[in-house]
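Convention: sequence-line order gives letters A, B, ...; per-chain numbering from 1.
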Amino acid sequence: MTLWFVFALMTAAAIFAVLWPLGRGHQPPSDGNEANVYKDQLAEIDRDVAAGLIGAPEAEAARVEVSRRLLAAADSERTPATRSSLRWRRVAAVLALVGVPILAVVTYLPLGSPRLGDFPLAMRAHTPDGTQPLDNLVAQVEQHLEKNPTDGRGWNVLAPVLARLGRYDDAVRAYRNSITYGGDNAERRADLGEAIAGAAGGIVTSEAKTEFERAIALNADQAKASYFLGLAAEQDGRTADAGSIWRAMLAKAPADAPWRPLVQAALARLDATAAPALPDSTMAAAKDMSEGDRSAMIRGMVDRLATRLKQNGDDVEGWLRLVRAYMVIGDRDKAKSAQTDARQAVANDAERLRRLNEGLKNLGLDG
Amino acid sequence: MIAEIGHYALVLALALALIQSTVPILGARLRDGALMNVARSTALAQLLFVALSFAALVMLHVTSDFSVVNVFENSHSLKPLIYKITGVWGNHEGSMLLWVSILALFGGLVAAFGNNLPISLRAHVLAVQAWIASAFYLFILMTSNPFLRIADPPIEGRDLNPVLQDIGLAVHPPMLYLGYVGFSISFSFAIAALIEGRIDAAWARWVRPWTLVAWIFLTLGIAMGSYWAYYELGWGGWWFWDPVENASLMPWLAGTALLHSALVMEKRNALKVWTILLSILTFSLSLLGTFLVRSGVLTSVHAFATDPTRGVFILLILCIFIGGGLTLYAWRASALKQGGLFAPISREGALVLNNLFLTTACATVFIGTLYPLALEVVTGDKISVGAPFFNLTFAPLFVPLMIAVPFGPMLAWKRGDLVAAAQRLLAAGVSALVAIAVLWAWTGGGSTLAPLAIGLAVFVIAGALSDLAERTGAFRTPLAVAARRARGLPRSTWGSAFAHAGVGVALIGIVCETTWNSEHIATMRPDDMAKVAGYDLRLDGLTQAQGPNFREMVAQFTVTLDGRHLAVMTPSKRNFTTRGSSTTEAALLTRGASQLYISLGELTGDGAIAVRIYHKPLVLLIWFGPVLMAFGGLLSLSDRRLRVGAPKPAKAMRGLQAAE
């Protein structure tokens with residue numbers, strides 16, 4: 001209610017600003033005109049002569065010029081603004097009285113949020129914990145970590161939450177900090193790799209792969225890292241490698257390992273289809289789809305990859321994956337054109353071009 | 001409630017601007033004083049409401065009210081207070097609000113202090129000003145509203161771009177905007193003159209203070225921006241011919257030309273039509289700058305957000321105002337009466353030459369900035385027009401201009417005598433030659449161009465001094481007489497001497513910095529030594545420190561010269577967690593006008609750090625020059641006297657010729 005009262009006061013002030021001069025009627029013209037300027041200029045010339053700044057002949061010439069301007073100005077002097085048109089003043093007054101409030105309200109209402117109060121931070125620091133949404137808790141932890149960035153345990157708690165919220169880039173940073181300040185271990189490296197892959201939309205990039213390899217170096221039995229290395233192999237088209245990694249995992253794993261079904265499903269997928277690799281969550285979703293939906297989804301993913309590469313063509317692995325995907329789908333023309341695009345994109349970098357050509361040769365396309 | 005009050009105040013400002021843009025015009029048509037005076041009260045009220053709106057946004061940033069999208073996206077509760085305030089315009093929406101606030105400020109100033117203006121001219125000027133304001137209020141409300149809310153406010157903001165978390169943000173944008181927007185007044189005056197169909201020397205006298213104020217702020221704003229880039233970006237560069245920099249240089253060049261042509265108009269009632277055109281062009285270039293920077297056409301530290309609707313909207317504003325202004329000019333300019341006549345060799349002629357060079361330089365920058373963009377739109381090819389193009393085109397234009405600068409003030413109005421002027425510049429010419437010779441001997445025939453360029457700069461400075469000496473009669477009359485005359489000289493004369501000398505000073509700085517700049521790039525470990533331009537620098541060690549919203553790695557260097565301990569320099573690298581980005585904070589050691597500059601690079605795996613050390617001789621002169629120019633402008637502004645260009649009478653000339 002107070003807000004609307006303030007709005008009303010402000011509107012009244014605005015209207016008053018328009019009405020005030022209208023109501024005051026006409027005043028004696030206190031305004032300046034050209035003639036005044038030229039009269040002042042004439043006075044100025046006299047002063048300059050007195051100060052010795054200009055000589056007498058120049059002053060005389062200047063006086064003649066300025067006087068000529070003065071005469072011209074006096075000739076064309078506007079008829080003084082004495083007319084007052086009451087009718088138009090009334091129109092202006094009505095415009096202010098009606099137009100200003102209507103325009104203000106019509107513009108404000110769709111844009112503003114008059115029901116929303118203030119939320120200065122100082123006021124909100126004391127809200128009870130139970131009612132806070134997850135975002136607020138995360139923000140509080142983030143704030144705490146900003147002040148104490150060396151709190152490895154804090155990063156460790158935060159990172160998985162961020163990953164679950166889908167904030168993969170932040171999760172990557174959190175895992176890195178957790179490793180820096182909380183110590184390096186296989187689980188964290190594997191989680192970091194997973195977050196990097198998540199940020200890349202489920203594709204195991206070479207950066208992610210490095211992390212998984214580090215995790216394996218720290219602990220050869222790290223299940224997540226092994227699974228993702230298999231996935232990386234699958235995405236690179238080395239299905240045999242993928243199969244052998246996953247089979248080795250299953251052979252070594254205890255019978256009640258929670259990830260057993262996941263790896264088995266992955267193996268089954270490997271045997272069943274030669275479609276481009278999908279992250280497991282997408283795959284799970286794909287399981288329930290009809291054949292048409294599934295191929296649409298696969299096409300969608302391939303298109304996304306193509307778009308990404310169009311924006312950043314440096315990723316040789318990506319290009320190879322794209323060419324392979326087109327071949328798997330059976331679209332040989334597109335595979336060919338992707339191959340040409342790839343060569344163009346990396347043409348400036350000899351090392352990349354060499355890797356690309358090698359990869360293409362392995363794919364069975366002409367080298 | 002603060003956010004909503006600010007929002008509503010902005011809406012009311014729009015409503016008032018719409019009234020201000022129509023009613024006074026009607027009043028001027030009907031010659032009704034009351035209707036024309038509406039312009040005044042609405043301009044003041046509009047200023048009040050915009051100021052309220054701006055204050056509200058500042059309040060929201062200070063109290064970290066993250067229910068406001070703008071605050072959430074650009075602030076952080078841990079930011080120091082000063083950056084909470086400057087962060088208000090460190091983003092697109094807030095900076096546009098600052099833009100209109102300054103526009104309203106200028107409108108309010110004209111309303112409050114424009115008593116000496118004819119009432120109809122004032123009504124027209126304020127109405128045109130309100131057209132611009134209305135367009136930008138609409139732009140803000142429709143596409144860049146800083147008061148939009150989040151119903152479920154997050155607990156922490158996303159922080160301001162770390163590069164902007166610097167004291168420079170408190171100074172550079174407001175200065176630059178005061179300059180950009182200040183030229184809106186001369187634009188409004190020009191449009192008002194075209195609408196009224198009358199223009200004369202008095203017009204130039206009324207516009208003069210506004211153009212000067214805008215020019216002073218623009219000069220300082222550009223210089224400040226350049227210094228900021230120099231110490232913040234960590235490369236030691238002070239001008240990159242970056243499109244955004246060019247966008248601010250173009251209105252400056254046009255504005256400088258305007259300043260000089262308006263002088264001719266005020267003093268001699270000549271060049272009137274040209275001055276009107278320059279007024280329109282200068283503000284058009286300011287608008288263009290706003291468009292380039294804000295539309296996302298260019299990506300740089302200035303492009304806070306890219307949103308196509310904004311670009312299209314600003315483009316529309318641009319087309320309406322530039323197109324409309326030029327159309328009105330084409331339609332009405334022929335109706336304006338031509339002014340006084342003058343011989344080619346005269347003060348007027350010199351100022352026309354100045355205008356010619358400045359506008360050509362401006363056109364070069366325009367082409368160099370927009371051609372790549374146009375080419376990309378048409379053919380999709382990306383080309384970059386960089387320093388080589390500008391150096392090759394800009395320098396040949398500026399050399400003759402600089403040579404001409406000292407001649408201008410020496411020539412008489414209407415018809416001048418070039419030989420006499422040259423004689424009076426003999427001392428300046430000799431000192432320039434001496435400077436060239438000394439430099440040549442001293443540097444041992446290194447760079448050929450540098451001594452010549454410095455000689456040119458010395459010529460400009462000495463020329464400005466000889467102008468003063470000539471007018472006061474120093475060296476010819478007793479000291480007491482000269483001192484009395486110096487006091488009697490109009491402050492505008494002192495002003496132009498300072499401004500012209502400033503150009504020379506800046507040129508010296510530019511030449512010295514680019515020619516004799518020495519750099520040392522190395523990977524250093526603690527206790528390593530580096531030797532740059534005679535200074536010995538020792539890296540004492542690296543330490544970590546925690547700032548309010550960042551962590552920094554500080555390197556400590558001990559600087560010695562010939563074994564004498566000079567200072568300790570501490571460059572650092574700051575890491576901002578919220579945005580996950582880092583900035584380099586260069587350390588500067590000032591010795592006279594020269595600077596030693598250290599900036600840190602990446603930390604290598606084995607505890608060594610990449611370090612860039614520069615010695616920049618006389619680099620500070622680059623910014624001292626513009627400050628001198630701005631000071632000259634200020635002197636001229638403080639001179640409230642009228643300007644009369646006393647013409648040299650034809651008879652005296654004839655008499656002189658007869659005697660020969």
Side-chain angles (χ1 to χ4, degrees), chain A residues 3 6-7 10-11 14 17-18 20-22 24-26 29-34 37 40-41 44-45 51 54 57-59 61-62 65-66 69 73 78 81 83-85 88-89 92 95-96 100 103-104 107-108 111-114 116-121 135-136 139-140 142-143 146 149 173, chain B residues 1-2 4-5 7-9 11-12 14-16 19 23 26 30-38 40-42 45 49 63-67 77-78 115-120 141 145 149 151 153-156 200-202 205 269 340 488 549 551 577-578 580 641-642 644 646-649 652:
Chain A
L3 185 70
V6 175
F7 282 4
M10 287 162 69
T11 317
V18 184
W20 187 54
L22 293 178
R24 295 223 309 174
H26 187 70
S30 65
D31 55 299
N33 54 40
E34 288 91 342
V37 174
D40 290 347
Q41 278 197 338
E44 194 67 45
I45 295 172
I54 50 175
E58 282 94 347
E65 278 198 355
V66 174
R69 278 178 233 160
R78 272 150 277 213
R83 276 203 277 159
S84 62
S85 38
W88 284 105
R89 283 191 201 179
L95 194 69
V100 169
L103 182 79
T107 318
Y108 172 76
L111 295 171
S113 320
L116 219 54
D118 282 353
F119 292 93
L121 198 66
D135 282 353
N136 287 11
Q140 273 177 2
E142 284 183 310
Q143 194 175 337
E146 199 140 301
R173 207 155 43 80
Chain B
M1 200 161 93
I2 297 174
E4 300 309 313
I5 289 178
H7 200 168
Y8 191 71
V11 172
L12 278 180
L14 168 67
L16 283 172
I19 289 193
V23 173
L26 181 75
L30 300 171
R31 300 193 183 292
D32 184 313
L35 284 174
M36 284 194 266
N37 267 334
V38 168
R40 227 175 160 185
S41 58
T42 45
F49 283 117
T63 57
S64 297
D65 187 337
F66 297 123
S67 69
S77 59
L78 294 175
N115 289 327
N116 58 347
L117 299 181
I119 184 166
S120 70
L141 286 170
N145 197 323
R149 308 288 296 273
I155 202 84
E156 191 51 272
D200 40 43
R205 193 256 168 280
N269 204 25
N549 53 344
R551 285 182 59 70
T577 348
T578 312
R641 301 198 304 179
L642 289 125
V644 188
K648 198 170 180 77

Is there a donor-acceptor contact under 3.5 Å from the side chain of B:R149 to the main chain of A:P114? no
Looking at A:A17, is its backbone amide N or carbonyl O close enough to the side chain of B:S41 to form a donor-acceptor pair, meaning the two atoms are under 3.5 Å apart? yes
Would you name the heavy atoms of B:A15 and A:V100 that are closest together and state the gap between them? CB-CG1, 4.2 Å
Please report the interatomic distance OG1(A:T107) to OH(B:Y8), rounded to the nearest 0.5 Å. 9.0 Å
Please identify each residue that fulfils side chain to side chain donor-acceptor pair (under 3.5 Å) with B:S77, with sequence neighbours left out. B:E156
When you measure from the side chain of B:D65 to the backbone of A:D118, do you find a donor-acceptor pair of N or O atoms at a distance under 3.5 Å? no
Does any heavy atom of chain A fall under 4.5 Å from the side chain of B:L141, the backbone, both, or neither of them? both
Going by the angle between their ring planes, with limits at 30° and 60°, are A:Y108 and B:H7 parallel, tilted or perpendicular? perpendicular
Heavy-atom pair with the smallest gap, counting every atom of B:I5 and A:M10: O-CE, 3.7 Å
Ranking B:T42, B:V23, B:L16, B:N145 by heavy-atom pairs under 4.5 Å to chain A gives rank one to B:L16
Minimum heavy-atom distance between B:L30 and A:S85, given as atom pair plus value: CD1-OG, 3.5 Å
For the interface with chain B, which of A:V18, A:I45, A:L111 has the highest count of heavy-atom pairs at distances below 4.5 Å? A:L111
When B:E4, B:R551, B:M1 are compared by non-hydrogen pairs under 4.5 Å with chain A, the top option: B:E4
Between CG on residue A:L103 and CG on residue B:L14, distance to nearest 0.5 Å: 5.5 Å
How many angstroms lie between CH2 in A:W88 and CG in B:D32, if you round to the nearest 0.5 Å? 11.5 Å
Specify the closest pair of heavy atoms between A:R69 and B:A201, including all atoms of both residues, with the distance to one decimal. NH1-CB, 3.9 Å
Nearest heavy-atom approach of B:L12 to A:A104 is CD2-CB, 3.8 Å
Which atoms of B:L35 are under 4.5 Å from chain A, going by heavy atoms: the side chain, the backbone, both sets, or neither? both
Considering non-hydrogen atoms only, spot the tightest contact between B:A151 and A:L116 and give its length. CA-CD2, 4.0 Å
I'd like to check the side chain to side chain donor-acceptor pair (under 3.5 Å) partners of B:D200; sequence neighbours left out, ordered by chain and number. none
